[in-house]
2 protein chains.
Amino acid sequence: MDTVETRELRYFIAVADELHFGRAAERLGIAQPPLSRAIQQLERRLGVALLHRNRRGVSLTGAGEVLRQEGRAALDATAAAVRRTRRAGGADGPGDTGDHLVLAVKAGAFHELLNKLLDAYANEPGAARIDVLPSGTCEQEGMLRDGRADVALMHTPFNTLAGFDSVALMTEEQVAIVPARHPLATRRTLSLADIADVPDLPLARWSSNGVFPPGPGPEVHDQTQLAQLIALGRTMTVFPESARTWLWHEHAAVPLTDAPKVTTHIAWPAHSRSRALAELVRTASRL
Amino acid sequence: MDTVETRELRYFIAVADELHFGRAAERLGIAQPPLSRAIQQLERRLGVALLHRNRRGVSLTGAGEVLRQEGRAALDATAAAVRRTRRAGGADGPGDTGDHLVLAVKAGAFHELLNKLLDAYANEPGAARIDVLPSGTCEQEGMLRDGRADVALMHTPFNTLAGFDSVALMTEEQVAIVPARHPLATRRTLSLADIADVPDLPLARWSSNGVFPPGPGPEVHDQTQLAQLIALGRTMTVFPESARTWLWHEHAAVPLTDAPKVTTHIAWPAHSRSRALAELVRTASRL
DNA sequence: AGCTGTGATACTCGGCAGGTATCACCGCGG
DNA sequence: CCGCGGTGATACCTGCCGAGTATCACAGCT
């Protein structure tokens, strides 16, 4: 009586996302009436109103907001349990959790560090296989949370390490990456103020979680796209200085004097018990 | 098809804990056959063997070990979602997550800090109610994880902060607490070696998660019990120096020169969005 | 061999998730 | 003022599946 089925959580999350029973039911692949009843039953069981029914759509109550947050976390944890269990399917002997790791990295970043890490780890005795999973910007967190990945390389302050165990691997300054032929490229250093409002070089905007921050700059989805736009003299961006490894001839990197430092962490779900993971982290922290 | 109901997880965890279908079924309040079938169905659905059936009890496969870990985390997350949603029941306006916080502290510890914190927070405008929930040794982690508490005070290195957000509040040395009439009480300082094997004063053993570490000392469950045993000259213990506030006349505290320092943190579930919590943390970090 | 304890199977029953059809209610435009 | 479209709720039925009882199959004892 004081628990809840994942089905009910899935249903509620769908309604909370759509704020519309019909669309939510469609998304769930069921009809609308059972969905209505399921939500009613959930509210009865929790003894709490989750939705305001306003005769023209619905809205969340305070408790509904809470359940949306917490329920999503619970669903992620459940999905993670399923994924990781399936993945461990082959490994039979008790004690170890599986035979290989999935490492999530931001696509295109960490080249140098990643190479060193994979090399060093491959030389460890009994090293497990490592699948590198390139992910979208800031997507690593969700991947760790719902089990698509076991371990990730993350950049603070861009990624939040909330909810994970992590070890810091390196810290670096940031550089502005500008078109090589632009006047800014001749500067020895730049400050954030210098690059904030350059009319002909608006800062590129990355999508984080599918939504773009406002601003004049172009919206970019991946690094290649960004690199091209910079080479064309249409935009600029700010990156950790290790990004120098992938610069084109048409790019110039100028150190930023007052940008926050960026720290690369290796992070993993806090309750992980995998031997292979522990080994990888140990290898990483010795680099 | 790629999800799992909490009921199935509950069932599996019970079997994984008991390693015995009959006892697990009893614990779950159902009969044994449905449990057998549920586990079979779970294995089919995951496409993975979870148990070795050895015609004399069962044992976990590697995948089973993984599901035990991950599944427990998922169940905790679900229980937390339910608890926090219920708690938020009253609060109706969207935006905030509830009207009060549950703060878990190790019973008997943190007196001074706790007083300061609660006083300071109570003076904040719009302060929420705070329920202080005394918990057993090292039990705060589970309480945060399954929603019995929203925020906790923890001691590193005793508690692990894995999986939580936290802010360090203070660091202190540790002291040995010995009977006032014992020869050791006359020392200005002690080292860990000095107290490791005193024949007539074996170190008390605390239960952590229900299991006691091995050793000659008496098993204690709470601080009062411990205080009494020390006063009786039967045992001694090691505590952060803030424990001095609750010492009896029959106790003496002797600084330890080489014990690890203890840091007090305020910690909370990483995905928490509560305004009241943010306020409390801000207050705490200003102390 | 017989006993005991293990998990699996066979079969039945009841509840509940799900579907279809319909209602009740509101807002809107003619 | 009266349809009309769109909302979520209700009524009713059906079929699946979770749970119970009884029993089996098998291994290790004595």
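None of these values were measured; they are calculated from a predicted model. Proteins get letters first, then strands, A, B, ... in listed order; numbering begins at 1 in each.
- Proximity of A:Leu51 to A:Phe12: side-chain heavy atoms (C-beta onward) are separated by under 4.5 Å at one or more points.
- At least one side-chain nitrogen or oxygen of B:Gln40 sits closer than 4.0 Å to the OP1 or OP2 atom of C:dT9.
- Residues satisfying the salt bridge (Lys or Arg N to Asp or Glu O under 4.0 Å) test with B:Asp146, not counting sequence neighbours, are B:Arg83, B:Arg148.
- Residues forming a side chain to side chain donor-acceptor pair (under 3.5 Å) with B:Ser272 (at least two apart in sequence, or on another chain): none.
- Across the protein-nucleic acid pair, A:Leu51 atom CG and D:dG8 atom P stand 10 Å apart, rounded to whole Å.
- Axis angle across the helix from C:dA1-D:dT30 to C:dG30-D:dC1, with five pairs used at each end and values rounded to 10°: 10°.
- Residues satisfying the salt bridge (Lys or Arg N to Asp or Glu O under 4.0 Å) criterion with B:Glu18, sequence neighbours excluded, are B:Arg23, B:Arg27.
- Atom pair B:Phe12:CZ and C:dG7:P shows a separation of 14 Å (rounding to whole Å applied).
- Judged as a side chain to side chain donor-acceptor pair (under 3.5 Å), and not counting sequence neighbours, the contacts of B:Arg282 are B:Glu279.
- Residues in residues 127-167 of chain B take part in these ring-ring contact (aromatic ring centres under 6.0 Å, His included) pairs, two or more places apart or across chains: B:Phe110-B:His155.
- Taking a 4.0 Å limit (strictly below) on heavy-atom distances, residues 14-28 of chain A reaches DNA chain D at A:His20, A:Phe21, A:Gly22.
- Nucleotide C:dA8 holds its C1' atom 13 Å from the CZ atom of B:Arg44, rounded to whole Å.
- Listed by chain and residue number, A:Leu9, A:Ala74, B:Thr6 satisfy the side chain to side chain contact (heavy atoms under 4.5 Å, CB included) test with B:Thr78 (two or more places apart in sequence, or in another chain).
- Residue B:Ser36 has no polar side-chain atom (N or O) positioned under 4.0 Å from OP1 or OP2 of C:dG7.
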Check against salt bridge (Lys or Arg N to Asp or Glu O under 4.0 Å), B:Arg45 and B:Asp2:
CA-CA 8 Å; B:Arg45 188 177 316 180; B:Asp2 50 19; over 6 Å; no

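- Evaluation of the salt bridge (Lys or Arg N to Asp or Glu O under 4.0 Å) rule for B:Arg234 yields no partner, not counting sequence neighbours.
- Put simply, CD on B:Gln32 is 10 Å from C1' on C:dT9, counting in whole angstrom units.
- Every side chain to side chain donor-acceptor pair (under 3.5 Å) that A:Arg68 has, sequence neighbours left out, goes to A:Asp17.
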Name the pairs: protein N/O against N/O of nucleotides 15-18 of chain C, kept only if under 3.5 Å.
{"from": "C:dA17", "atom 1": "OP2", "to": "A:Gln41", "atom 2": "OE1", "distance (Å)": "3.3"}
{"from": "C:dA17", "atom 1": "O5'", "to": "A:Arg7", "atom 2": "NH2", "distance (Å)": "3.4"}
{"from": "C:dG18", "atom 1": "OP1", "to": "A:Tyr11", "atom 2": "OH", "distance (Å)": "3.1"}
{"from": "C:dG18", "atom 1": "OP2", "to": "A:Arg7", "atom 2": "NH1", "distance (Å)": "3.4"}
{"from": "C:dG18", "atom 1": "OP2", "to": "A:Tyr11", "atom 2": "OH", "distance (Å)": "3.1"}
{"from": "C:dG18", "atom 1": "N7", "to": "A:Arg37", "atom 2": "NH1", "distance (Å)": "3.4"}
{"from": "C:dG18", "atom 1": "N7", "to": "A:Arg37", "atom 2": "NH2", "distance (Å)": "3.0"}
{"from": "C:dG18", "atom 1": "O6", "to": "A:Arg37", "atom 2": "NH1", "distance (Å)": "3.2"}

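- By the salt bridge (Lys or Arg N to Asp or Glu O under 4.0 Å) test, B:Glu124 pairs with B:Arg286, sequence neighbours left out.
- The distance from atom CD of A:Glu5 to atom P of D:dG18 is 10 Å, rounded to the nearest whole Å.
- Nucleotide D:dG8 holds its P atom 15 Å from the CG atom of A:Leu50, rounded to whole Å.
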